[in-house]
Number of protein chains: 2
Amino acid sequence: MAKKPAPVPLLQLDNQLCFAVYSTGHAFNRVYKPLLDRLKLTYPQYLAMLVLWEQDNVPVKDIGERLFLDSGTLTPLLKRLEAAGLIKRTRSVEDERQMLIALTAQGQALRERAKAVPQGILAASACTVGEMAAMKNDLVALRDRLNAALGD
Amino acid sequence: MAKKPAPVPLLQLDNQLCFAVYSTGHAFNRVYKPLLDRLKLTYPQYLAMLVLWEQDNVPVKDIGERLFLDSGTLTPLLKRLEAAGLIKRTRSVEDERQMLIALTAQGQALRERAKAVPQGILAASACTVGEMAAMKNDLVALRDRLNAALGD
DNA sequence: CCGATTATAATTGCGCACAATTAGATTGCG
DNA sequence: CGCAATCTAATTGTGCGCAATTATAATCGG
């Protein structure tokens, strides 16, 4: 008779923190989608806009460090935002290697409409602001430890 | 003089739980990469194998429900696992709509080598098992609330 | 000042992720 | 039975995400 493999708790899907993170990320995406469709943004594009609404006219590198993304991801994404008229891409005069990203008037104006988005997310999460902050802090601490482990 | 926009706390990147989830997911991926490269698996492929190691010979739909993925993602992923010799795809005889996914001997054997993976992740996370379980439970609860909000 | 090194983006190629559509099988209702 | 509604996968098209490579600019050491 065929031997059934012994269960290995650490290998079980539902025991894995990484899968909880992975699947929660997808769930967030699905909740964001209808809210962001109204702004004609994808979620990663929305993140780039969040960065620019905090600090305008920054090199691609800075956006990448903030979002943990590289130019392979950001270059086409930013080109799409430029095609949509939300940002302007110009080479820095002081350092011609840098591509500076600046909001257009349209890009700045979108910020007003974006203010409604976090409310919708908060509602769908059905969390208190305190609970969300606690989870966020735990996750950021974990993320930083994971990123630190990469350096070794 | 140009008016600086008033900061909107809920719009700030570092206040957002979703970004913590998103960026932690990427950090996990980067930690998994070298471990999974040895098994010649990507992370989503590893998840599919975890499902199959728990229950063999299941339809694509069941894998999709378990991983929250649809056939648009799974069909090409499973074809690659088949090309790698880890699984076999066959149409169900009882219901010809279903494509049944079964492990090959090679796919079953890979489970032994995969046992080392969670250890590496645990080390990189620098968490106790208890902390990981607590975060996992919080995230799963959040995920379920987000998914429930989609139904409305 | 020149050549090597380093830094910044862009490009290419591959693998997800998902919406929308299509194809074929099954079920259910009159 | 007959046909509509439903179900399961596959397909197509778009947009990430990242490794690897390339191109160009800046910097550094002799």
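Order of the sequence lines sets the chain letters (A, B, ...), proteins ahead of strands, with each chain counted from 1.
One interatomic measurement links the two molecules: CG of Leu69(A) to P of dC16(D), which rounds to 10 Å at whole-angstrom precision. The interatomic distance linking Met99(A) (CE) with dT11(C) (P) rounds to 9 Å, in whole Å. Following rounding to the nearest Å, Asp37(B) (CG) and dA19(D) (P) show an atom-to-atom distance of 9 Å. Here the C1' atom of nucleotide dA17(C) and the CZ atom of Phe19(A) are 14 Å apart, to the nearest Å. In this structure, Arg97(A) places its CZ atom 11 Å from C1' of dA9(C), rounding to the nearest Å. The nearest whole Å value for the distance from the NZ atom in Lys79(A) to the C1' atom in dC16(D) is 15 Å. Summarising the geometry, the separation between CZ on Phe68(A) and P on dC16(D) is reported as 19 Å, rounded to the nearest angstrom. The distance from atom CD of Glu94(A) to atom P of dT27(D) is 11 Å, rounded to the nearest whole Å.
Checking the phosphate oxygens (OP1, OP2) of dC16(D), no side-chain nitrogen or oxygen of Tyr22(B) falls inside 4.0 Å. One finds no side-chain N or O of Tyr43(A) lying less than 4.0 angstrom from the OP1 or OP2 phosphate oxygen of dG15(D). Between Arg89(A) and the phosphate of dT8(C), there is no side-chain N or O to OP1/OP2 separation shorter than 4.0 Å. Not one side-chain nitrogen or oxygen of Ser71(A) sits closer than 4.0 Å to the OP1 or OP2 atom of dA10(C). The phosphate of dA10(D) (OP1 or OP2) has no side-chain N or O of Lys61(B) nearer than 4.0 angstrom.
Residue whose closest nucleotide on DNA chain C sits further toward the 5' end, between Val93(B) and Gln45(B): Gln45(B). Residue order along DNA chain D, read from the 5' end via each residue's closest nucleotide, puts Asp62(B) first among Asp62(B) and Pro76(A). Along DNA chain D, the nucleotide closest to Gly72(A) and the one closest to Gly72(B) are compared, and the more 5′ of them pairs with Gly72(B).
Pairing each heavy atom of Gly85(B) with each of Gln106(B), the nearest pair is O-CB, 3.5 Å.
Thr73(B) comes within 4.0 angstrom of a nucleotide base, judged by non-hydrogen atoms across all strands. Residue Leu77(A) is classed as a sugar-phosphate contact, given heavy-atom separations below 4.0 Å to backbone atoms only. Heavy atoms of Asp95(B) sit under 4.0 angstrom from primed sugar atoms or phosphate atoms, though from no base atom. Residue contacts for Pro59(B): at a heavy-atom cut-off of 4.0 Å it reaches the sugar-phosphate backbone alone, with no base atom in range.
Counting heavy atoms of neighbouring residues, nucleotides and ligands inside a 6.0 Å radius, atom NZ of Lys88(A) does not exceed 12 of them.
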Margin query: Go through it in stages, so that I can follow the logic: the residues are Arg91(B) and Glu96(B), the test is salt bridge (Lys or Arg N to Asp or Glu O under 4.0 Å), and I'd like the CA-CA distance, side-chain angles, deciding distance and then a yes or no.
Written below: CA-CA 6 Å; Arg91(B) 289 235 165 250; Glu96(B) 295 258 342; 5.6 Å; no
Next item on the list: Could you walk me through whether Tyr43(A) and Phe28(A) pass ring pair (Phe, Tyr, Trp, His ring centres under 6.0 Å), step by step?
Entry: CA-CA 9 Å; Tyr43(A) 180 67; Phe28(A) 262 123; 8.0 Å; no
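Thr75(A) contributes no side-chain N or O that forms a donor-acceptor pair with the base of dA9(C) under 3.5 Å.
Only one option out of Ile63(A), Leu47(A), Asn57(A), Leu86(A) pairs with Leu52(A) in a side chain to side chain contact (heavy atoms under 4.5 Å, CB included); it is Ile63(A).
Using a 4.0 Å cut-off between a side-chain N of Lys or Arg and a carboxylate O of Asp or Glu, Asp14(A) and Arg66(B) qualify as a salt bridge.
For Arg30(A), taking side-chain heavy atoms from C-beta onward, the closest of the listed nucleotides dC18(D), dC18(C), dA10(D) is dC18(C).
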